[in-house]
Amino acid sequence: MLTLEGLVIRQDGFELSADLHVPDGARVAVIGPSGAGKSTLLNAVAGFQPVDEGRIRMQGRDVTGLAPGKRPVSMLFQDNNLFPHLSAAQNVGLGLRPDLRLDAAQRARVAQALERVGLQGLEGRKPGQLSGGQASRVALARVLVQGRGLVLLDEPFAALGPALKAEMLDLLEEVLDETGATLLLVTHDPADALRIAPQTILVADGWANAPVATAQLFADPPLALRSYLGVPKS
Ligand SMILES: Nc1ncnc2c1ncn2[C@@H]1O[C@H](COP(=O)(O)OP(=O)(O)OP(=O)(O)O)[C@@H](O)[C@H]1O
């Protein structure tokens with residue numbers, strides 16, 4: 001699904017390298033110290049961050065030079081990137097057509113996605129009239145209608161309480177089951193990784209490492225992860 005070949009990203013003295021492969025349908029957490037480069041990695045995969053060396057391949061295609069919209073990727077940020085002046089339905093519709101000129105079938109898909117995430121009846125509300133959890137559901141509905149092969153989430157549910165976050169991770173899992181998409185999820189919470197991602201990419205010391213089994217990584221964390229987790233070094 002996703003291959004990073006000899007990737008090097010540089011910005012203002014910071015350098016991140018990656019040489020790794022994420023198989024189709026894999027669910028992978030991205031974890032590591034603050035400032036290690038987790039968001040930089042996701043932004044490069046999504047196409048928002050230029051790459052200095054190497055190639056990014058998706059579904060067998062070289063996408064290194066492609067604009068974000070041309071990549072088979074949906075990205076969800078912590079603020080859910082919803083437009084405040086648009087309704088929930090319009091925010092979801094943007095995932096299908098940026099000019100929002102939806103035909104009847106596309107409008108039906110939007111309604112179906114909003115119903116799928118439990119927001120029937122709230123289609124006309126603007127983000128400011130929704131709770132944090134409901135706004136996250138709108139963003140997930142957009143991921144659902146986009147139906148892209150790779151879903152990138154950068155700490156999307158960090159502002160929600162623990163129970164609501166667990167609920168959203170469960171809903172995310174259901175959406176992934178339905179679309180078969182591959183997931184990269186940046187999180188600061190090992191419990192999130194253990195809950196949803198059998199594999200984890202550790203970003204530390206200038207490298208995004210190849211995915212390893214999440215349970216094993218946390219059972220016996222490498223040095224770079226120990227201080228971050230607050231685990232004694234010996
Ligand atoms: N726009 C930018 N221009 C220059 N340097 C940047 C920019 N954005 C981030 N950086 C630097 O790049 C490095 C990686 O930042 P990044 O946001 O990817 O880390 P992170 O692992 O996601 O951190 P956190 O967990 O705190 O969100 C940091 O040293 C940061 O200061």
Side-chain angles (χ1 to χ4, degrees), residues 2-22 26-56 58 63-69 71 73-82 132 135-136 139 143 150-162 164-166 168-169 172 182-197 199-212 214 217-218 221-231 233:
L2 171 68
T3 304
L4 307 181
E5 270 175 27
L7 204 70
V8 181
I9 304 157
R10 297 186 185 98
Q11 52 186 7
D12 291 348
F14 170 80
E15 187 172 301
L16 182 72
S17 301
D19 230 326
L20 60 87
H21 177 69
V22 175
R27 293 171 193 179
V28 181
V30 178
I31 206 155
S34 182
K38 303 178 295 295
S39 297
T40 302
L41 178 72
L42 256 67
N43 286 330
V45 171
F48 298 116
Q49 163 79 44
V51 160
D52 294 278
E53 287 175 31
R55 315 304 310 169
I56 300 175
M58 286 173 197
V63 302
T64 318
L66 286 187
R71 302 186 185 201
V73 170
S74 286
M75 184 151 175
L76 222 161
F77 303 87
Q78 189 172 344
D79 64 359
N80 296 315
N81 43 329
L82 299 179
S136 293
V143 168
L150 180 60
V151 175
L152 306 177
L153 292 96
D154 196 349
E155 299 191 73
F157 312 129
L160 306 178
L164 195 51
K165 189 164 76 161
M168 292 310 300
L169 287 172
L172 170 64
T182 305
L183 171 73
L184 289 190
L185 171 77
V186 172
T187 177
H188 276 285
D189 188 346
D192 292 355
L194 289 162
R195 187 180 185 100
I196 196 170
Q199 302 272 306
T200 293
I201 290 173
L202 172 63
V203 181
D205 302 326
W207 275 91
N209 294 280
V212 295
T214 303
L217 184 71
F218 289 117
L223 203 57
L225 194 53
R226 278 176 188 260
S227 47
Y228 168 68
L229 292 173
V231 177
K233 290 201 172 128

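Atoms within each ligand, like the ligands themselves, are counted from 1 in listed order.
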Query raised in the report: Which atoms of ligand 1 have any heavy atom of Pro33 under 4.0 Å away?
Result: 21 (O)
Query raised in the report: Under 4.0 angstrom from ligand 1, any heavy atom of Val203?
Result: no
Query - Non-hydrogen side-chain atoms of Met58 and Val45 separated by less than 4.5 Å - result: yes
Only distances under 3.5 Å count here; give the side-chain donor-acceptor pairs of residues 46-54 to other protein atoms, sequence neighbours excluded, each with its distance to 0.1 Å.
residue	atom	partner	partner atom	Å
Asp52	OD2	Arg10	N	2.6
Glu53	OE2	Arg10	NH2	2.8

**Report entry** Sub-4.0 Å atoms of ligand 1 with respect to non-hydrogen atoms of Gly37
**Finding:** 14 (C), 16 (P), 18 (O), 19 (O), 20 (P), 21 (O)
**Report entry** For Thr40, atoms of ligand 1 separated by under 4.0 Å from a heavy atom
**Finding:** 14 (C), 15 (O), 16 (P), 18 (O)
Requested in this report: Please check if a non-hydrogen protein atom sits closer than 4.0 Å to atom 30 (C) of ligand 1.
Outcome: no
Requested in this report: Verify the neighbour count for atom CG of Asp205: are there more than 12 heavy atoms of other residues, nucleotides or ligands below 6.0 Å?
Outcome: no
Report task. Check ligand 1 against Lys38 and write out every atom of the ligand that is under 4.0 Å from a heavy-atom position of the residue. Result -> 18 (O), 19 (O), 20 (P), 21 (O), 22 (O), 23 (O), 24 (P), 25 (O)
Requested in this report: Please confirm whether Gly35 comes within less than 3.5 Å of ligand 1 when only nitrogen or oxygen atoms on both sides are compared.
Outcome: yes
Requested in this report: Examine ligand 1 and decide if any of its atoms is less than 4.0 Å from a heavy atom belonging to Ala36.
Outcome: yes
Requested in this report: Kindly state if atom 17 (O) of ligand 1 has a protein heavy atom within a strict 4.0 Å cut-off, that is, under 4.0 Å?
Outcome: yes
Report task. Can you sort out the partners of Pro156 under side chain to side chain contact (heavy atoms under 4.5 Å, CB included), two or more places apart, ordered by chain and number? Result -> Leu76, Leu153, Leu185
Query raised in the report: Do the non-hydrogen side-chain atoms of Val203 and Thr40 ever get within less than 4.5 Å of each other?
Result: no
**Report entry** Side-chain touch Leu202/Val212, heavy atoms, less than 4.5 angstrom
**Finding:** no
